[in-house]
Each structure stands twice: as C-alpha cells, then as structure tokens.
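Worth knowing before you read on, the calculation uses all heavy atoms, side chains too, and leaves out hydrogens, waters and symmetry mates. Just so we're on the same page: letters track the sequence lines, and every chain starts at 1. Predicted, not measured: the structure shown is a model, and the values here were computed from it.
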2 protein chains.
Amino acid sequence: MRLNRWPDLEALALLVTVSELGGVGRAARQLGISQPSASSRLRTLERRLGVPVLQRLPVGSRLTAEGQMVVDWAREVLGAADALMTGVTAMRRERGAALPVAASMTVAEYLVPGWLIALRPVEPDVTVGLQVVNSARVAELVLAGEAEIGFVEGPSLPVGLASRLVGRDRLVVVVSPGHPWARRRTPLRPRELAATPLIVREPGSGTRITFETVMERHGPLAEPLLELGSNSAVKVALASGAGPAVLSELAVADELADGRLLAVHPEGVDLQRKLRAVWIEGRRLDGPARSLLTLAARRPLGS
Amino acid sequence: MRLNRWPDLEALALLVTVSELGGVGRAARQLGISQPSASSRLRTLERRLGVPVLQRLPVGSRLTAEGQMVVDWAREVLGAADALMTGVTAMRRERGAALPVAASMTVAEYLVPGWLIALRPVEPDVTVGLQVVNSARVAELVLAGEAEIGFVEGPSLPVGLASRLVGRDRLVVVVSPGHPWARRRTPLRPRELAATPLIVREPGSGTRITFETVMERHGPLAEPLLELGSNSAVKVALASGAGPAVLSELAVADELADGRLLAVHPEGVDLQRKLRAVWIEGRRLDGPARSLLTLAARRPLGS
DNA sequence: ACGGATCCATAGAATGTTTCTATGAGGCTG
DNA sequence: CAGCCTCATAGAAACATTCTATGGATCCGT
C-alpha cells in the first residue's frame, strides 16, 4: 500500500463528473475549470492508471468498460474522502458552531460523518461542530450546554439526560486468516477468550470498557497482548498476523465482508452494545439538532 | 461532494506513516523522500484541513486528538484507493498475467480487490489479470482456458465447471430516507413490490437477472422507473430521492450502516444469492489460483 | 555544564504539473 | 456549406513539490 503511486482525487472527481454529464467540457464547466485543463487532467489520469477510461466521441465522451469500474471504485474513494473532510470540518468548528455535537470515538469515526453528509441536503446552511471525547465526557458536555446533542456508546446511561437509540453495534473477536483460530472448528468458550492475551483498545475507550464489563463474569482477563489508541491501529497490527483483537463490528465491516479478517464468535457471550443519542432531559430538540436526531435514529424496518 | 477541495492522498499516506513511525524524518525516509519535503507537505496538509494534526516534539512527532481521527479516516480513504489501484492494475493485465481471473461485475467491484490485497502478502510476485464480464461469459472464459478461475453470481450453474461457495449476497430493496416507504409500518408484500416501478440495473446484469427470477412467481413486474449501468449510478439516483431501487447488499453496506439509505424487506421473498468460484471440472487448482480460492472461500465461523 | 546526536523548520533554486487563453481538427445539423 | 458542438494542442504563467544546506531546540551522556 505504501509503494503505490496514488491517483489524484481531483482527477477522479472529474472523471466521475464526466460519467454523470457525458462530456469533458460539461464536467469542466460544472467544476469551474477550463475545458483544456480538464482534458489534460484526464489524459494524465489515464496515463497513471494505464487503462483508457474514456471513449472520446465528437458528441461527448463515454466511459469504457474499465472506465465504468474505475468510476465506481472512485466513488468509494471520494465518499471516504468526503467523510474525512466532513469530519475534519466539523471538528474544526468546535466553538461557535450552530449545532455543537459531542460524540464518543467509535460513533464519531464511523457514523457521524455519514450523518452529516446526509444532513447537508436537509440543513444546508448549518455549521456543525464536533467534539470527540469519551462517553463520560460527552454527558458532561451535553449537561453543561456545550453540546446540544451527544452520542454515546456502552451500557451506562447518565442521569439528567434523555436518550434515544440510534443504532446497535457488536464487538467482535477478529483474527487474520493466518491465525490458528481462523481454522478452529470447536466453538470458542468465554473462559478461553478471557484467558487469551488480546489486542485491545486503550483503557478508558468505550470499546475496552464494554468488553471488560461483559467479560467480567467469565473469569479474570489476561493481560492485553497490545494496547492501541485507535481502531485502525489495531487493524494494522492484525494485518501483520498478530493474535486476536476485539473491535467494533463497524470498524471491520469491509474486512469481514471480503475475508481479509475473520470473526470468531464466542459462545454465549453477548457483546452487543447500544449506541444512543443523548440530550438534556426535558428539553425539546428542534431545528437542526432535531433533524440530525431523526436522521441518526432512522433504521431499516425490522432491525 | 463536488465543491470540495480534495486532500492529497500522498500527503495522507505520509501522515499515516508518521503516525506509525512516530516521526516526520523517519516517515520521509521510509517513503523515499527528503525530510524537508515531508515537513513541507505535512504543513500544506494541515493548512488544507484547517486543523493541527501533529504535535512537533524535539524527539519526534505525535498526533493530536484531531490527528488521530484524521489518520483513521485517511486509512479508509487510502484503503479504497488501494482497492481502486489494485483493481485497475489487474484489469490492465488482461492478457499475459500469471493468474488470469474472470469475475462478474458485483464480485469484481466489491470483493475481488479485497481478495487481491489479501493475496499480495501470500503471493507477492504473481500478476493477476482481471476480466469483468457477465456470469455467462465468465463460464465461457473459464471453459476456454482464458481464465484459470472465475467468480459468478446468481442461480445458474454452468455444466463442465466445478464450483465452491465464496460468499452469499442478498439483494435489498432500498429507499432514501425521504421516500414514503421509509416511514411505512405495514410489511411490503411481494405483489406490491412487483407492481412498483423500480430503479434497477441494466438487463443482463446478474443483479437484474436474479431479481427477475425470484420475482417471477409474484406476478408481472412493472416497467422499471430507471435503468442504470452500475451500482453506484443507482446510488446516485437514490440520493436525489428517486424511488425504490434494488441493489446488492454489498453495494450499500456503508449507506445502510449509517442510515443514508434504508432497506425495506419484502415479506417472504428470498433475495439471497450465492457467489461462487468456478473452474474447469476435474482440474486441480494449485499455485496462486489455489491461494486465491482458499482466501476467497474463507468465511467467519458460523456464516 | 557542555558536546554530540536527534529531531523538525526554513531558505533558495530546480523541476514538474496544473492552470489559463487562443486556436485547430473533426463531425453533426439545418 | 456555414455554424455549432465536441475534444485536443500550443505556449506562457502560476503553483507546488522536490532537493541540498543550514539553523534552532531538546535530550543524553560524560
């Protein structure tokens, strides 16, 4: 992944726009650049990718079959970049935002950007401020009025706050495909899980607290194999083959889907936790905060 | 998403490396650039993001809290970009690859890049060639020996091919949060689904064929509301509020997770389909093809 | 307390890419 | 056949990244 010569996001966005509008010049106009500039950028992109992606016609441009795939993959990349920029923009506005939000790390990392992207068409002029802190501090900030709405994970429900379920999340035990547990055929007993040194998030994180609370009754936990400060750092450690880790399902959805990581479900242990929106009890949320809550609380029927 | 000033992937990769190695100079060395160059790029990145991400210390550099979030989000972006580059590279090598692969579109788009990324450490020197075609053509290519292994979706199992299950995939009916169905409380009857004009993939696509096959027995299907040539084009149409669409679960996992799209499950209709690896019957796969198959066929215990 | 090592930032010049405006080539349409 | 659309090319200006060389700050060991 490091040795790669990365493509240029602006060129990818341009290609996506061309695919939507059907022409290089039209896309250039939409993005506010000149047509020759767009033309040259696309050529550079094609050279970088090593595959022709556009079929230039006198009446416009169509994608090649490869181009179609590139556009679809590019939308994923741009979506992730959009989430990054949305998240960063919200964090930058900690103070003086029209809608100050506080969220615990897992929610902030995996859900808040999506919500804010969905909020944009509904409340286009609202600047959202985001503070990422642990669940206890989220409660403090909301109670102190420094955040109008907060999002917490884990079992504890602070007093003085009203709450609403916005999702569920399950902690999963994951291993890389090379790990012995990937091939095990006997179920994993909670006892054995508790006794195994694991890669875990740092103490104080919602993930760690939830895990320790749930495992409490299955005997003393072994010392962690490794303690890391972010979900993705744990994933990096996993990639190099190191032993089992405990992570939020949200953090490993992609890797589980294509088999880069495997989940090992311990028998009879419920690692599910609730993700909740919280606000000051008795206060009626309205305006943007209400829109955000509505949006976040929407779940597919039957889930 | 269009008006964004996109960040620079190489700068993000640099930041991620700094977070892993704990120093600007060390990261520069690893990436093969000079230390001042790295320093200046990180400064530009910080300016672009508008948030300080690095705490410069005399002994190295640590991330700020915001920086930690940025790194985690950046890893998602880089992962998606890696998938894009991996996919494109494989497509470029259609001919003359050591391991020629053919895959139907949904598998190629959402699963193959992940498999190839996972294959890299196992078979570092193997060049993979990827042809993206419909399921029928995958069978032809495999039988003709132009692909050593193929991946197909959908119910039909061509003769002369051995197969192995590599995953399951469910088609889902999805709507944007603004659609009336997002608020419906009565279950969706197959009858009503069949009678509703939908946004669907083009005729001949695996997704379309599977859907039509399954719905056949629930009455005649209404004319499509819109026919689009890729999963992401369907998603774009959905985002602007247009009515229900049928897509692979794989294509909308992220959007379902954070509520940007909602699934409406029709009552008593099984839209699950099998994803299979196929190869010439009687032939024993070995070498890289075997590694790829093993990798793709790995599933978490109990799924 | 002081030299050496390590770390990051700055200065200034060279290189490469992107940007623009102006213009050309090709094909459709009235 | 003229006008209009498409995209590509040419050449100049602006910008960013790159390098080498150097400086300032802190830590460590003597």
For this session: Give the C-alpha distance, both sets of side-chain angles, the deciding distance and a yes or no for ring-ring contact (aromatic ring centres under 6.0 Å, His included) between A:Trp73 and B:Tyr110.
Result: CA-CA 9 Å; A:Trp73 284 321; B:Tyr110 294 102; 9.2 Å; no
For this session: Evaluate side-chain hydrogen bond (donor to acceptor under 3.5 Å, both in side chains) for A:Asp72 paired with B:Ser230, printing each intermediate quantity in order.
Result: CA-CA 7 Å; A:Asp72 283 359; B:Ser230 79; 3.1 Å; yes
Problem set entry | Side-chain heavy-atom pair A:Asn231, A:Val252 within 4.5 angstrom cut-off | no
Problem set entry | Separation of atom CZ in B:Arg29 from atom P in D:dT18, rounded to whole Å | 16 Å
Exercise. Under 3.5 Å, is there a donor-acceptor pair between the side chain of A:Gln131 and the main chain of A:Ala147?
Worked result: no
For this session: Would you mind reading off the distance between A:Trp6 atom CH2 and D:dT17 atom P, rounded to a whole angstrom?
Result: 18 Å
Exercise. Atom CZ of B:Arg48 and atom P of D:dT17: how far apart are they, to the nearest Å?
Worked result: 7 Å
Problem set entry | Residue-phosphate contact under 4.0 Å: A:Arg26 side-chain N/O, D:dC7 OP1/OP2 | no
Problem set entry | Nearest-angstrom distance from the residue atom CG of A:Asp8 to C1' of D:dA16 | 12 Å
Exercise. Would a 4.5 Å heavy-atom cut-off, applied to side chains only, mark B:Gln55 and B:Ser61 as touching?
Worked result: no
Seminar exercise, completed: note: B:Ile33, atom CD1; D:dA16, atom C1'; distance rounded to Å ~ 13 Å
For this session: With sequence neighbours left out, write down each residue that passes side-chain contact (heavy atoms from CB on, under 4.5 Å) with A:Arg29, or none if nothing qualifies.
Result: A:Arg26
Exercise. Rounded to the Å, how far apart are B:Leu42 CG and D:dT17 C1'?
Worked result: 13 Å
For this session: Identify whether any heavy atom of A:Ser40 sits under 4.0 Å from a base atom; if not, whether one sits that close to sugar-phosphate; answer base, sugar-phosphate or nothing.
Result: base
Exercise. Can you give the first and last nucleotides of DNA chain C, 5' to 3', that have an atom under 4.0 Å from a heavy atom of chain A?
Worked result: C:dT18 to C:dG27
For this session: Could you pick out which residue, A:Ser34 or B:Val24, lies toward the 5' side of DNA chain C when each is mapped onto its nearest nucleotide?
Result: B:Val24
Problem set entry | Interatomic distance, B:Arg41 CZ vs D:dC19 P [rounded to whole Å] | 10 Å
